[in-house]
Amino acid sequence: LAVTYVFSPLGPAALLRCLGYYLVPLIIFRAVDNLYAVNRNSSVILYLFFSLYLVVNFLLIPIDSFYLVGRFRGLMGNPNGLGMLVLFIYGAMDLLAKLNPQRIDHRYSYVFKAIAILLIIISGSRTALVALIVYEFLYVFLRYKRLRIVIVLISSLLVTFVLYFDFNQL
């Protein structure tokens with residue numbers, strides 16, 4: 001937080017954003033955990049609420065007033081906020097689908113994941129996009145033990161390519 005406050009040209013506003021990016025996922029995942037512990041049915045209701053939020057934002061895509069300088073902001077104030085919130089919803093919905101496989105159909109889960117990815121991409125939030133890639137990479141890495149060496153090799157090649165490729169020549 002101190003680095004954000006010292007080096008950001010926005011000063012206190014950047015500090016509040018940084019604090020918000022810390023508190024939002026903490027609250028979302030704590031709510032998911034608490035609701036699931038109290039009542040397993042309430043986690044399905046939370047899943048439906050997240051689904052509704054994604055669908056409403058998806059339906060707002062064609063409306064020009066929900067864009068800020070060419071980037072989709074949906075129901076949020078800015079595109080980066082939308083990207084981060086959708087990213088946290090993506091993770092929470094993934095967790096809820098894993099906790100309730102008998103009540104939440106995996107086909108719907110794929111549809112909502114696709115909507116969330118689309119919203120992150122059109123929001124133009126680079127932080128949310130990188131975090132989504134890291135999330136999926138770690139999920140595959142931790143779930144499929146036989147593919148770990150292949151994943152490490154491919155990721156090493158990608159990192160080497162990104163570090164040593166001169167993008168200015170494009």
Side-chain angles (χ1 to χ4, degrees), residues 1-32 46-97 104-141 151 154-170:
L1 292 175
V3 172
T4 301
Y5 185 73
V6 171
F7 292 110
S8 176
L10 300 176
L15 185 65
L16 291 175
R17 283 186 193 163
C18 182
L19 191 62
Y21 285 149
Y22 172 74
L23 290 177
V24 168
L26 184 69
I27 292 169
I28 287 175
F29 287 106
R30 180 63 72 183
V32 168
L46 188 59
Y47 186 89
L48 292 174
F49 173 75
F50 289 153
S51 305
L52 180 66
Y53 182 80
L54 292 176
V55 169
V56 167
N57 275 301
F58 179 73
L59 294 175
L60 296 175
I61 291 174
I63 303 172
D64 289 337
S65 63
F66 290 97
Y67 285 82
L68 180 69
V69 192
R71 295 172 56 198
F72 183 69
R73 64 183 173 98
L75 297 174
M76 296 295 290
N78 69 29
N80 291 328
L82 175 71
M84 293 306 286
L85 183 62
V86 169
L87 174 71
F88 302 138
I89 288 174
Y90 182 92
M93 288 179 76
D94 201 22
L95 176 65
L96 289 169
I104 298 173
D105 192 1
H106 69 279
R107 291 174 292 185
Y108 295 125
S109 183
Y110 292 138
V111 169
F112 294 127
K113 280 185 173 186
I115 291 173
I117 291 170
L118 175 70
L119 289 172
I120 289 172
I121 290 171
I122 64 172
S123 74
S125 175
R126 296 179 303 258
T127 306
L129 189 59
V130 169
L132 178 68
I133 291 168
V134 168
Y135 174 83
E136 285 298 327
F137 174 78
L138 287 175
Y139 177 76
V140 170
F141 184 76
I151 293 169
I154 291 173
S155 62
S156 300
L157 287 173
L158 287 174
V159 167
T160 304
F161 174 75
V162 168
L163 289 177
Y164 291 107
F165 184 75
D166 187 14
F167 290 101
N168 293 327
Q169 291 180 356
L170 293 179

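- In this structure, the separation between CD1 on I117 and CD on E136 is 6.5 Å, given to the nearest 0.5 Å.
- In this structure, OH on Y108 lies 10.0 Å from OH on Y47, to the nearest 0.5 angstrom.
- No donor-acceptor pair closer than 3.5 Å links the side chain of R71 to the backbone N or O of P79.
- Annotation: Y135, atom OH; neighbour count of heavy atoms from other residues, nucleotides and ligands within 6.0 Å is above 12.
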- Item | Worked verdict on N80 versus R126 for side chain to side chain contact (heavy atoms under 4.5 Å, CB included) | CA-CA 8 Å; N80 291 328; R126 296 179 303 258; over 6 Å; no

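- G74 and L82 make their closest contact through N-CD2, 4.0 Å (heavy atoms, listed as atom of the first residue, atom of the second, distance).
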- Item | Step-by-step side chain to side chain contact (heavy atoms under 4.5 Å, CB included) determination, L48 to L52 | CA-CA 6 Å; L48 292 174; L52 180 66; over 6 Å; no

- Begin with the C-alpha distance, continue with both residues' side-chain angles, and end with the deciding distance and a verdict on side chain to side chain contact (heavy atoms under 4.5 Å, CB included) for Y90 and F50. CA-CA 9 Å; Y90 182 92; F50 289 153; over 6 Å; no

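- The distance from atom CD1 of I104 to atom OG of S51, rounded to the nearest 0.5 Å, is 8.0 Å.
- When atom types are taken as modelled, the side chain of R73 and the backbone of S65 share a donor-acceptor pair closer than 3.5 angstrom.
- Residue S123 holds its OG atom at 10.0 Å from CG of L87, rounded to the nearest 0.5 Å.
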Can you list, pair by pair, the side-chain donor-acceptor contacts under 3.5 Å of residues 53-61, counting residues two or more places apart and other chains?
from, atom 1, to, atom 2, distance (Å)
N57, OD1, L75, N, 3.0
N57, ND2, Y53, O, 3.1

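- Atom CG in L96 sits 11.0 Å away from atom CD1 in I89 (nearest 0.5 Å).
- Interatomic distance, CD1 of I121 versus CG of L132, reported as 8.0 Å (0.5 Å rounding).
- Residues D94 and Y139 bring no donor and acceptor atom of their side chains to less than 3.5 Å of each other.
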